Amino acid sequence: MSENMSSLKLSAEGNLYSWSVVHAAPKGWSLPFVAAYVDLPEDVRVFSHIVDADPDSLKMDMPVKAQIATLGHDEIGAPFESYAFTPVQKGDS
Amino acid sequence: MRDVAIVGAGMVPFGKYPEKTLADIAWPAVKQAVVDAGIKKADIEATYCGTALGGMMAGQRILKKLGITGLPIINIENACSSSSTAFREAWIAVAAGVYDTALVIGVEKLTKFGGGTLPLEKEDWEVSHGLVMPALYAMRARRYMHEYGLTENDIADISVKARKHGVWNEDAQFRKEVTREEVLASRPVADPLKLFHCCPSGDGAAAVVICSAEKAKQYSATPIKVIGSEINSGKYMTGYRDMTSPEITLRGAKQLYEEAGIGPEDVDLAEVHDAFAIAELLYYEALGFCAKGDAAKLLADGETSVGGKIPVNPSGGLLSKGHPIGSTGVAQIVEIVRQLRGQCGQRQVEGAKVGLTHCTGGGVSGFDHGVCSIHLFAR
């Protein structure tokens, strides 16, 4: 129950646990987008979007890697940037 | 703890009432329950009102319309389980002897949001990154399809069954059958889920009157006994979680069956939280109606339709009856009361003696669901 928090550096690569092409969401999100859960090796599951990929090319448990992307826009139209994932291409390391 | 029974039940047809206030949507349901119980207003000792998004003092706003005031009124928010939680709190109070009678209300008016997905709490990390409820269930569906060979047709057939049952329920929001082809051709919401795989947005209210079992006979010739009441919160996990296995429902069902001293084979019908079609299949397994991986077969064999071994959602469920979220828990209980009394006409489960309600609430990162409440009833 300590109040002392510490940072944990997570791997940038993980595996795609599941995903969905989302066509209905509140204003601000660019539709459709691919929502996904990605499992990282540190036993952390993160939610974000899959970007720069054809949804039909996605496979269960495939390796994906993190990158920064614009995921949507806030109430005044400013871009919302955060981490997202994209499939690891052959030759990536 | 002493035995508790339901002696009155009422609800308004779920639908879209944008021109009505929350209180005006709800009071006719309360009146119906009070009249059904034949209880004098002055004999209602306390009220528990569940609403997720109905705003402050919903219970007071509703009950002043009926002149039921001056008593303890407790308003409860617990997402989609708001009124199943309210029911449990009322049950605890009556079972403990604090009150002899209590009124439970579930109410919601979702048309005030103008449609679309349910508004979730933006300070939640996943919500801040675009999580919406259909996407969460869609990801469960995709994983289950991958691991157990479930097909899009199997998921669509849940909607077909729900709509078929809804035709027979005059309180249902949708009363028209759909075909598998129509479900699959409806517009995509969160792939693989289409519009007809999703519960509609809408408004509604439901109410029940409960009292101690010893007093029940003075109000009702057919009191419905509460034989088990359970509530849990989800277990917070930051890492891997099997999304094909709803842990909170599994855990809750096990506790409840032990408490009631019966098993899933003793349940004659169930109203479960089918907010999205995939969910009902997962709950067949979690509630013990079939083995893991066998849900689609149970459905295909007709066992969960009216006339089958364990009819699930004879009311039409959330998919057809509708899901004004805070009202759902009590509305499920109203259906079980009517079924156990034999009042359900074409959708009647013949000879039903034991019924189960199952209501979850979610939308918070790190939980399978934030809350799940399950109840068992018997005549």
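This one's a predicted model, so the numbers in the text were calculated from it and none came from an experiment. Every chain is numbered from 1, with letters handed out A, B, ... down the list of sequences.
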What I want to find out is whether [X] reaches [Y] closely enough, with some N-O distance under 4.0 Å, to be called a salt bridge.
X: Lys112(B); Y: Asp203(B); result: no
X: Lys161(B); Y: Glu280(B); result: yes
X: Lys292(B); Y: Glu285(B); result: yes

Measure distances from [X] to the heavy atoms of chain B and classify the residue's part below 4.5 Å as side chain, backbone, both or neither.
X: Trp19(A); value: both
X: Leu16(A); value: backbone
X: Ala36(A); value: backbone

Quiz item: Under a 4.5 Å heavy-atom cutoff, which of Pro188(B), Ser365(B), Ala135(B) has the most pairs with chain A?
Solution: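 Heavy-atom pairs under 4.5 Å are most numerous for Pro188(B).
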Quiz item: With respect to chain A, which residue among Gly130(B), Ala138(B), Gly366(B), Ala190(B) yields the maximal number of heavy-atom pairs within a distance under 4.5 Å?
Solution: Gly130(B)
At a 4.5 Å cut-off on heavy atoms, which part of [X] comes close to chain A: side chain, backbone, both, or neither?
X: Lys122(B); value: side chain
X: Val189(B); value: both
X: Pro134(B); value: neither
X: Leu136(B); value: side chain
X: Thr117(B); value: side chain
X: Met243(B); value: both

Quiz prompt | Asp154(B) side chain to Thr151(B) backbone, donor-acceptor under 3.5 Å | solution = yes
Quiz item: So, Ser159(B) side chain and Phe196(B) main chain: donor-acceptor pair closer than 3.5 Å or not?
Solution: yes
Quiz item: Which word best sums up how the rings of Trp29(A) and Phe33(A) line up, parallel for under 30°, tilted for 30 to 60°, or perpendicular for over 60°?
Solution: tilted
Exercise. Compute the centroid of each ring, for Tyr17(A) and then for Tyr240(B), and state whether the two points are separated by less than 6.0 Å.
Key: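 Yes.
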Practice problem: Using salt bridge (charged side-chain N to carboxylate O under 4.0 Å, His left out) as the criterion, point out the one residue from Lys235(B), Arg251(B), Arg241(B), Arg140(B) that pairs with Asp368(B). | Solution: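 Going through the options one by one, the only one that passes is Arg140(B).
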Self-check item: Top of Leu71(A), Val34(A), Val46(A), Asp43(A) for chain B proximity - count of heavy-atom pairs under 4.5 angstrom
Solution: Asp43(A)
